[in-house]
Amino acid sequence: MNSFEEKIVIITGGGKSLLSNGKCGSIGYGIATAFAKEKANLVLTGRNIQKLLDAKFDLESKYRIKVLAIPADIAPSQDNEKLVNSVVRQAINAFGRIDVLVNNAQSSVAGISLAQHTTSDFDLALYSGLFATFYYMRACYPYLARVRGSVINFASGAGLFGSQGQSSYAAAKEGIRGLSRVAATEWAKDHINVNVLCPLAWTVQLEQFKKTHPEAYNLNVKVPPMGHFADPETEIGRICLQLASPDFKYMTGETITVEGGLGLRP
């Protein structure tokens, strides 16, 4: 029996997106694929219902698992707490447990200087990223505590290294890192490990960023020393599997830079 067989994994931003070359262009879907191959059942959330349904169809048909696809967009001027609680309640009603929470969803504007950023720009990044991570962690906590589960949150080198034109995105991501460290301390007694990944993968968002803001792209995005951007499934999703496995339970509160040697730091 695989270690994730019959386990339940919630992945935010888990819809299926494809690059212009037809390859996987979504970190969330890459993570979902990695867990699906290990027979975990999935709860996928996101803004685009069609992308969620595409992911559900592909993963269920290929790997014979169960996927619950729930549209959910954390945004200003709505009851986000109620929305997240509904997602978690549907997950429990369908599966009875939650073993792993992966907070991957994030929206933001890019290529706009701090001086030109608006409150709306900041709201977009903070709500879709930081607030979403907070609400999902809080709602899932009782169920993760029952099974000594795992949380994997996503930050970015944009926050670690201060990328130009990424102020709201970087602020949201650094907020997620701070929140994760506190949770790692507070939830250690429950044997819940909480870690952060800062990935550099070639995604639909990065592909679009290159097309729409070539100058900002050239300033901020470099090919890693490894010579390629990460594959969302094999080079990011597989790391998530390890962080959620029993072998890595003692690792908590850590930020792991997955940038092919580009994100070196002390």
Side-chain angles (χ1 to χ4, degrees), residues 12-31 46-48 51 73-76 103-133 153-178 196-237 239 255-266:
T12 70
K16 181 180 180 181
S17 296
L18 298 177
L19 297 165
S20 57
N21 61 9
K23 293 184 178 181
C24 176
S26 164
I27 290 177
Y29 183 69
I31 296 168
R47 294 186 298 174
N48 188 310
K51 291 180 179 180
D73 182 17
I74 309 304
N103 283 301
N104 161 73
Q106 177 73 64
S107 297
S108 68
V109 298
I112 300 176
S113 70
L114 190 155
Q116 293 175 314
H117 254 71
T118 67
T119 300
S120 295
D121 294 335
F122 254 80
D123 281 347
L124 174 64
L126 292 177
Y127 276 88
S128 65
L130 178 56
F131 278 105
T133 299
N153 292 332
F154 276 74
S156 173
L160 292 175
F161 309 116
S163 299
Q164 296 185 54
Q166 301 282 335
S167 59
S168 60
Y169 177 73
K173 290 304 190 184
E174 286 298 277
I176 289 170
R177 287 212 308 134
V196 178
L197 287 184
C198 295
L200 182 59
W202 191 250
T203 63
V204 169
Q205 290 81 5
L206 196 57
E207 187 176 63
Q208 292 173 345
F209 180 43
K210 182 178 181 180
K211 291 179 181 178
T212 57
H213 298 90
E215 184 175 342
Y217 173 88
N218 290 329
L219 281 171
N220 289 298
V221 183
K222 309 297 180 185
V223 177
M226 282 284 185
H228 69 280
F229 295 92
D231 178 275
E233 177 200 337
T234 60
E235 293 171 316
I236 296 175
I239 292 177
T255 296
I256 303 168
T257 309
V258 189
E259 298 188 0
L262 191 64
L264 300 180
R265 56 197 173 90

With a 3.5 Å cut-off and no angle check, do the side chains of S120 and D123 form a donor-acceptor pair?
-> no

Apply side-chain contact (heavy atoms from CB on, under 4.5 Å) to F229 and V221, showing your working.
-> CA-CA 10 Å; F229 295 92; V221 183; 3.8 Å; yes

For the side chain of S26 and the backbone of Y29, is there at least one donor-acceptor N/O pair under 3.5 Å apart?
-> yes

S17 OG to N48 CG distance, which is reported to the nearest 0.5 Å = 7.5 Å

Starting at CG of N103, measure out to CG of L197 and round the result to the nearest 0.5 Å.
-> 12.0 Å

For E207 and S20, test the side chains for any donor-to-acceptor distance below 3.5 angstrom and give the result as yes or no.
-> yes

Please step through side-chain contact (heavy atoms from CB on, under 4.5 Å) for the pair Q106 and K173, ending with a clear verdict.
-> CA-CA 9 Å; Q106 177 73 64; K173 290 304 190 184; 3.5 Å; yes

Ignoring hydrogens and angles, tell me if any N or O in the side chain of S168 forms a donor-acceptor pair with the backbone of F122 under 3.5 Å.
-> no

For S167 and L114, which heavy atoms make the closest approach, and how far apart are they?
-> OG-CA, 3.8 Å

Count the heavy atoms of every other residue, nucleotide or ligand shown that sit under 6.0 Å from NZ of K23, and state whether that count exceeds 12.
-> no

How far apart are the C-alpha atoms of E233 and C24, what are their side-chain angles, what is the distance that settles it, and do they pass the side-chain contact (heavy atoms from CB on, under 4.5 Å) test?
-> CA-CA 8 Å; E233 177 200 337; C24 176; over 6 Å; no

Do you know the tightest heavy-atom contact between D73 and R47?
-> OD1-CD, 3.1 Å

Passes side-chain contact (heavy atoms from CB on, under 4.5 Å), V258 versus E235? Steps please.
-> CA-CA 8 Å; V258 189; E235 293 171 316; 5.6 Å; no

Flag, side chain of T257 to backbone of E259, donor-acceptor distance under 3.5 Å = no

Are the side chains of P225 and L262 in touch, meaning some heavy atoms are under 4.5 Å apart?
-> yes

Heavy-atom donor-acceptor pair, D121 side chain to T118 backbone, under 3.5 Å = yes

Closest heavy-atom contact between A105 and T12?
-> N-OG1, 2.9 Å

Are the side chain of T203 and the backbone of L206 linked by a donor-acceptor contact shorter than 3.5 Å?
-> yes

From C198 SG over to I256 CD1, what is the distance, rounded to the nearest 0.5 angstrom?
-> 9.5 Å

Would you please classify the geometry between the F209 ring and the Y217 ring as parallel, tilted or perpendicular, with 30° and 60° separating the classes?
-> perpendicular

Can you tell me how far CG of L160 sits from OG1 of T255, rounded to the nearest 0.5 angstrom?
-> 6.5 Å

Judged by atom type as modelled, is there a donor-acceptor pair below 3.5 Å linking the side chain of H117 to the main-chain atoms of I112?
-> yes

Are the charged groups of E174 and R177 less than 4.0 angstrom apart, N to O?
-> yes

Between G25 and Q205 the two heavy atoms that sit nearest each other are O-OE1, 4.1 Å

Residue pair L19 / V204, side-chain heavy-atom distance below 4.5 Å | yes

How close do V196 and A155 get, heavy atom to heavy atom, and via which atoms?
-> CG1-CB, 3.5 Å

Minimum-distance pair of heavy atoms, taken over all atoms of I74 and Y127 = CG2-O, 3.3 Å

Any donor-acceptor N/O pair, N218 side chain to P214 backbone, under 3.5 Å = yes

Once you round to the nearest 0.5 Å, how far does CD1 of I236 lie from CZ of F154?
-> 6.5 Å

Keeping the roles fixed (side chain from N153, backbone from I176), state whether a donor-acceptor pair exists under 3.5 Å.
-> no

